[in-house]
Amino acid sequence: MAIERNDVLLAAATVLVQNPAASMSEIATGAGISRATLHRLVDGREALLSELSEMGVERGIAAIREARTDEGDPIEAVRRVIVGLLPSVDLWVLAERIQSSDEVLARYAEMDTLLVELFRRGQRSGAFCVTQSATWMTEALYALLTRAVLAAHDGRLGRQEIAGVTERTLLAGVVETAGRSPDTP
């Protein structure tokens, strides 16, 4: 059976999100491979963490671009983003916990820019409220998605519920509702 490097890396990310202090042996076991095989794939823990961080940003940018955030209804675009980002959220949770390189952080800023522009487009169209900044809406999206994934890992939320819960919670807070004042719950 051939070992798919990306599958191993994603499994490693899941192990590390669930147990940040996991040893290389525990990571290998969680990925379904031997410790020796893991060491053949990556030079060590630091190399693994660096590669996972880079993989997360690459997949995040690709998912946002594939969601065509500059097309169609902004609310539908946010839904496409959530569904597209979901498979790589473990990688971001992990990246938040580790010190990423300046280059990786700059790439995460590229993700932020794409999402901020989506929320600004939604504000200009009247779909999203203007009482919150587009930057905050972007942060809220990340926070809700990552917390939903962590809740799923802990068994407090079903994996199949993550996208819907994130979408409903985010959109309930950022969608413009005619006649509702910013202070009205």
Side-chain angles (χ1 to χ4, degrees), residues 1-71 77-115 118 138-139 141-167:
M1 179 174 99
I3 295 174
E4 292 294 328
R5 182 181 181 81
N6 285 343
D7 292 343
V8 170
L9 292 174
L10 289 173
T14 299
V15 170
L16 286 165
V17 166
Q18 293 173 336
N19 178 9
S23 68
M24 290 295 277
S25 293
E26 291 168 322
I27 294 166
T29 299
I33 59 173
S34 70
R35 185 172 188 252
T37 300
L38 180 59
H39 279 286
R40 280 193 294 277
L41 293 174
V42 293
D43 289 333
R45 187 180 183 84
E46 290 305 313
L48 174 63
L49 293 173
S50 176
E51 193 162 341
L52 291 173
S53 186
E54 290 174 27
M55 185 181 198
V57 73
E58 291 301 322
R59 286 181 172 223
I61 290 169
I64 293 168
R65 290 193 188 287
E66 288 171 17
R68 304 172 325 278
T69 57
D70 58 344
E71 296 177 17
V78 168
R79 289 181 175 128
R80 292 190 302 267
V81 165
I82 291 169
V83 169
L85 291 176
L86 191 55
S88 58
V89 173
D90 280 343
L91 296 166
W92 303 345
V93 171
L94 191 58
E96 281 185 9
R97 292 179 178 167
I98 63 174
Q99 188 68 22
S100 296
S101 70
D102 289 342
E103 182 179 319
V104 171
L105 293 174
R107 298 296 316 274
Y108 275 105
E110 184 179 341
M111 286 176 51
D112 293 348
T113 299
L114 293 168
L115 291 176
L118 166 59
T138 298
E139 292 295 329
L141 170 59
Y142 291 149
L144 289 168
L145 195 53
T146 57
R147 292 308 302 176
V149 167
L150 290 172
H153 280 305
D154 291 344
R156 297 185 318 260
L157 185 67
R159 187 111 184 135
Q160 73 282 0
E161 298 175 273
I162 295 170
V165 165
T166 300
E167 176 188 320

**Student:** Of Val8, Ile27, Leu41, which is the lone residue that meets side chain to side chain contact (heavy atoms under 4.5 Å, CB included) with Leu48?
**Tutor:**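 Filter result, single survivor: Ile27.
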
**Student:** With a 4.0 Å cut-off on N to O distance, would you call Arg80 and Glu167 a salt bridge?
**Tutor:**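 No, Arg80 and Glu167 are not salt-bridged.
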
**Student:** Does the side chain of Arg5 come within less than 4.5 Å of Val42's, by heavy atoms?
**Tutor:**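 When only atoms from C-beta onward are counted, Arg5 and Val42 do touch, with a gap below 4.5 Å.
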
**Student:** Between the main-chain N or O of Glu51 and the side-chain N or O of Glu54, is there a donor-acceptor pair closer than 3.5 Å?
**Tutor:**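 No, because the side chain of Glu54 does not come within donor-acceptor range (under 3.5 Å) of the backbone of Glu51.
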
**Student:** Over all heavy atoms of both residues, which pair between Met55 and Leu9 is shortest? Give the atoms and the distance, please.
**Tutor:**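 Looking at all heavy atoms of both residues, the closest pair is SD-CB, 3.9 Å.
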
**Student:** Let me confirm one number: the CG-OG1 distance from Leu114 to Thr138, rounded to the nearest 0.5 Å.
**Tutor:**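 Spacing of CG (Leu114) from OG1 (Thr138) equals 9.5 Å.
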
**Student:** Do the side chains of Arg147 and Leu157 get nearer than 4.5 Å, heavy atoms only?
**Tutor:**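 No. Closest side-chain heavy atoms not under 4.5 Å.
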
**Student:** With sequence neighbours excluded, give me every side chain to side chain donor-acceptor pair (under 3.5 Å) pair touching residues 6-20.
**Tutor:**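 Side chain to side chain donor-acceptor pair (under 3.5 Å) check on residues 6-20 returns Thr14-Asp90, Gln18-His153.
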
**Student:** Quick one: do Ser50 and Ser53 satisfy side chain to side chain donor-acceptor pair (under 3.5 Å)? Show the steps, please.
**Tutor:** CA-CA 5 Å; Ser50 176; Ser53 186; over 6 Å; no

**Student:** Search all heavy atoms of Ala163 against all heavy atoms of Val83 and return the closest pair with its distance.
**Tutor:**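 Nearest heavy atoms, Ala163 then Val83: CB-CG2, 4.5 Å.
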
**Student:** When rounded to the nearest 0.5 angstrom, what is the spacing between CD1 in Ile61 and CD in Glu110?
**Tutor:**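 If we round to the nearest 0.5 Å, Ile61:CD1 and Glu110:CD are 3.5 Å apart.
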
**Student:** Show your working on side chain to side chain contact (heavy atoms under 4.5 Å, CB included) between Leu16 and Leu49 and close with a plain yes or no.
**Tutor:** CA-CA 9 Å; Leu16 286 165; Leu49 293 173; 3.8 Å; yes

**Student:** For the atom pair CG (Asp70) and CZ (Arg65), what is the distance rounded to the nearest 0.5 Å?
**Tutor:**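 Here the rounded value is 9.5 Å.
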
**Student:** Shortest non-hydrogen contact from Gly84 to Ala63?
**Tutor:**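 Scanning both residues completely, I find the closest heavy atoms to be O-CB, 3.3 Å.
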
**Student:** Donor-acceptor pair, Glu26 side chain versus Ser23 backbone, under 3.5 Å?
**Tutor:**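 Such a contact is found between Glu26 side chain and Ser23 backbone.
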
**Student:** What pair of heavy atoms forms the shortest contact from Val15 to Gly30, and how long is it?
**Tutor:**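 Reported closest heavy-atom pair: CG2-CA, 3.6 Å.
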
**Student:** So His39 and Arg35, do their side chains get closer than 4.5 Å, heavy atoms only?
**Tutor:**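 Sidechains of His39 and Arg35: in contact.
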
**Student:** How long is the span from the CG atom in Leu91 to the CG atom in Leu10, to the nearest 0.5 Å?
**Tutor:**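 Between atom CG of Leu91 and atom CG of Leu10 there are 5.5 Å.
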
**Student:** Tell me whether Ser34 contacts the main-chain N or O of Thr37 through its side chain, where contact means a donor paired with an acceptor under 3.5 Å.
**Tutor:**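 Answer holds: yes.
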
**Student:** Grab the two heavy atoms, one from Ala31 and one from Ala12, that are nearest each other, plus how far apart they are.
**Tutor:**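 That closest heavy-atom pairing would be CB-N, 4.5 Å.
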
**Student:** Which heavy atom in Leu85 sits nearest to a heavy atom in Gly60, and how many Å separate them?
**Tutor:**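 Heavy atoms only, the tightest pair is CD2-O, 3.7 Å.
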
**Student:** Calculate, to the nearest 0.5 Å, the distance between atoms CE and CG belonging to Met24 and Leu38 respectively.
**Tutor:**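 With rounding to 0.5 Å, CE (Met24) is 4.0 Å from CG (Leu38).
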
**Student:** Kindly compute the distance separating CG (Leu86) from OG1 (Thr166), expressed to the nearest 0.5 Å.
**Tutor:**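 Here the rounded value is 7.5 Å.
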
